[in-house]
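The model shown is predicted, which means the values in this text are computed figures rather than measured ones.
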Amino acid sequence: MAHRSKLSDNQRRIVCRLAFLILCLLPASVAIYSIFHQPGPADWEKRIQAQLGIKTRIESVVTPLPDCVVLRGIEIIDPDSGISARLQELTIVRGSDGHDVTLVEPVIIPANALANLLTRCSDQLEQSDLGPLRWKITFGKLSILDADYGLADFMPAILEVRKLNSSVRCPDAGSIQATLIARPANQPDSVIDFELEKTTSHDFVAIHTNDATLPCHLFRPWHEDVAFFGAGCGFQGTIELQVNQKNRVVGQICGDLKNVQLDGIASLLEQPLTGICDLESIQCNLADSLIDSASFHVASRSAGSVGRVLLKAAIGLGIETRVSAKQQVVPFGNLAFDVKIDKGELALFGKEIPIYRNDATNPELAPCIATDQAGLPLAICDNKKSVPLMEVAVLLAGEGKSDNLSIAFMDRFRIPAARIAQTEQQSSRY
């Protein structure tokens with residue numbers, strides 16, 4: 001019969017005590033330690049700073065559940081602008097792949113501060129040594145403030161920042177992604193999504209408004225020129241851009257610009273121009289940070305007026321105008337025409353309507369781009385003619401008042417700025 005070793009009473013007691021320590025006391029001690037030694041306000045301030053690059057001040061931290069943290073009395077500070085936002089409370093749920101943050105109370109953030117926040121988060125994640133990481137912030141109500149145009153409200157809005165080891169655009173290297181999905185408060189059935197992705201070689205920006213209209217002034221932190229479109233202007237469509245390490249932009253803009261205020265454009269042209277119009281069916285291709293080609297339809301929403309200098313420029317471009325030579329400001333009833341820019345040339349296409357020239361009883365069809373307030377033809381173009389953009393720039397410079405405009409116009413449309421020397425000489429002919 002096999003020999004069986006027997007434990008002494010002392011040995012059995014030791015084994016029982018060890019089992020009790022391992023199975024009961026140790027887990028209880030860990031639980032008690034985790035309860036009484038949770039990260040405090042200073043710990044969370046450091047963690048948020050290290051992972052997102054956002055400076056905060058936190059008054060208190062409550063841990064109702066092991067993976068749930070409530071931060072109270074939070075102040076978020078933008079070091080660049082000095083602007084701060086204060087929140088009463090936010091909840092963070094920690095998961096295996098990141099943090100989910102929920103803000104119930106309304107949040108108001110200046111547009112510039114939001115742009116800085118997105119840039120700072122992506123830059124901090126790019127520079128950090130941390131592995132894959134995710135922060136998802138859900139706003140019950142997010143209001144983006146512009147000092148000139150007021151608030152744009154979104155209910156709800158979800159901001160997510162991720163650090164990835166690879167992505168669809170950059171499978172061989174890591175990337176940083178920031179996405180913002182928001183539902184405009186005044187368009188509750190619509191959703192707008194914004195995506196920014198930073199890789200080792202390129203940055204990618206994509207904006208899809210779907211069937212919503214996004215106020216153009218929200219783009220001001222990235223491109224100040226949208227201010228010329230006016231307070232009520234909105235964009236509906238898609239913007240997809242790629243930026244290389246030399247900050248050269250390639251991409252497309254497709255959609256509609258609604259409620260463009262012509263008096264804003266007039267301030268750029270330094271000439272009288274009033275009215276409201278839409279730019280419809282925009283197809284714009286960017287190459288090397290310049291407009292390579294573009295097409296769109298202009299349709300006015302209201303009557304307006306145009307100054308004499310712009311009419312002279314129109315005549316110089318081959319447009320026939322039916323106005324008195326004494327009129328300094330000419331009212332119009334309607335604008336409707338197509339614009340095409342390609343290979344350094346501009347072409348206008350009007351709708352053919354009957355007009356009377358020499359024979360009062362026999363009208364002929366002519367492409368009209370503007371009518372007067374009585375509906376009669378005011379400006380007629382040549383659908384078969386295109387004009388070099390250089391000539392457009394020279395004519396827009398008018399009577400020497402806008403040389404800077406002409407230079408900017410030529411730079412944007414691939415026209416050598418050295419040609420500006422011809423402006424005064426050529427414009428004096430009109």
Side-chain angles (χ1 to χ4, degrees), residues 216 225-234 256-282 296-341 346-360 363-383 385 387 391-402 405-406 409 427 429-430:
C216 285
D225 286 352
V226 298
F228 291 115
F229 295 146
C233 184
D256 300 329
L257 268 179
K258 301 181 179 182
N259 290 311
V260 177
Q261 313 289 316
L262 294 182
D263 53 353
I265 304 297
S267 66
L268 176 64
L269 297 176
E270 301 179 5
Q271 305 296 345
L273 183 64
T274 64
I276 301 174
C277 72
D278 293 341
L279 306 186
E280 302 172 342
S281 303
I282 299 171
F296 53 89
H297 176 73
V298 177
S300 62
R301 283 176 169 257
S302 69
S305 61
V306 59
R308 187 70 192 173
V309 172
L310 289 179
L311 284 177
K312 287 183 179 180
I315 294 171
L317 295 174
I319 296 174
E320 176 187 343
T321 60
R322 300 190 150 201
V323 299
S324 168
K326 297 180 179 180
Q327 287 181 275
Q328 296 301 311
V329 176
V330 178
F332 63 81
N334 184 58
L335 298 176
F337 56 93
D338 293 319
V339 178
K340 183 177 181 181
I341 299 171
L346 169 72
L348 303 179
F349 303 90
K351 180 180 179 180
E352 291 194 340
I353 63 173
I355 65 168
Y356 296 89
R357 282 198 170 98
N358 298 323
D359 188 347
E364 60 180 273
L365 293 178
C368 179
I369 63 174
T371 59
D372 62 18
Q373 293 175 324
L376 300 175
L378 184 66
I380 300 165
C381 69
D382 184 348
N383 280 352
K385 181 180 179 180
V387 181
E391 291 186 22
V392 178
V394 168
L395 290 165
L396 283 178
E399 299 174 351
K401 296 180 180 178
S402 310
L405 165 66
S406 193
F409 189 95
S427 63
R429 295 180 300 174
Y430 303 105

| task | Could you tell me which non-hydrogen atom of N259 sits nearest to which non-hydrogen atom of G232, and how far apart they are? | result |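 Between these two residues, the closest heavy atoms are CB-O, 3.4 Å.
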
Closest non-hydrogen contact found for F337 with G350 is CB-CA, 4.4 Å

Please list every donor-acceptor pair under 3.5 Å in which a side-chain atom of residues 372-382 meets a protein atom from a residue at least two apart or in another chain.
residue : atom : partner : partner atom : Å
D372    : OD1  : A374    : N            : 2.9
D372    : OD1  : G375    : N            : 3.0
D372    : OD1  : L376    : N            : 2.8
D382    : OD1  : K384    : N            : 3.0

side-chain contact (heavy atoms from CB on, under 4.5 Å) filter on A299, not counting sequence neighbours, yields E280, H297

Those residues at least two apart in sequence (or on a different chain) that pass side-chain contact (heavy atoms from CB on, under 4.5 Å) with A314 are I319

Rounded distance [0.5 Å steps], [atom1] in [X] versus [atom2] in [Y]:
| X | Y | atom1 | atom2 | value |
| --- | --- | --- | --- | --- |
| I369 | L348 | CD1 | CG | 5.5 Å |
| L262 | F332 | CG | CZ | 5.5 Å |
| Q261 | S302 | CD | OG | 8.0 Å |

Flag the pair [X] / [Y] as yes when at least one side-chain heavy-atom distance between them is below 4.5 Å, and no otherwise.
| X | Y | result |
| --- | --- | --- |
| V306 | P272 | no |
| V339 | L346 | yes |
| L257 | F229 | yes |

Kindly write out the residues that satisfy side-chain hydrogen bond (donor to acceptor under 3.5 Å, both in side chains) with [X], not counting sequence neighbours, or none if the list is empty.
| X | result |
| --- | --- |
| S305 | T274 |
| S300 | N334 |
| D278 | R301 |

task: Dump the intermediate steps for side-chain contact (heavy atoms from CB on, under 4.5 Å) on C233 and V226, then the final yes or no.
output: CA-CA 9 Å; C233 184; V226 298; over 6 Å; no

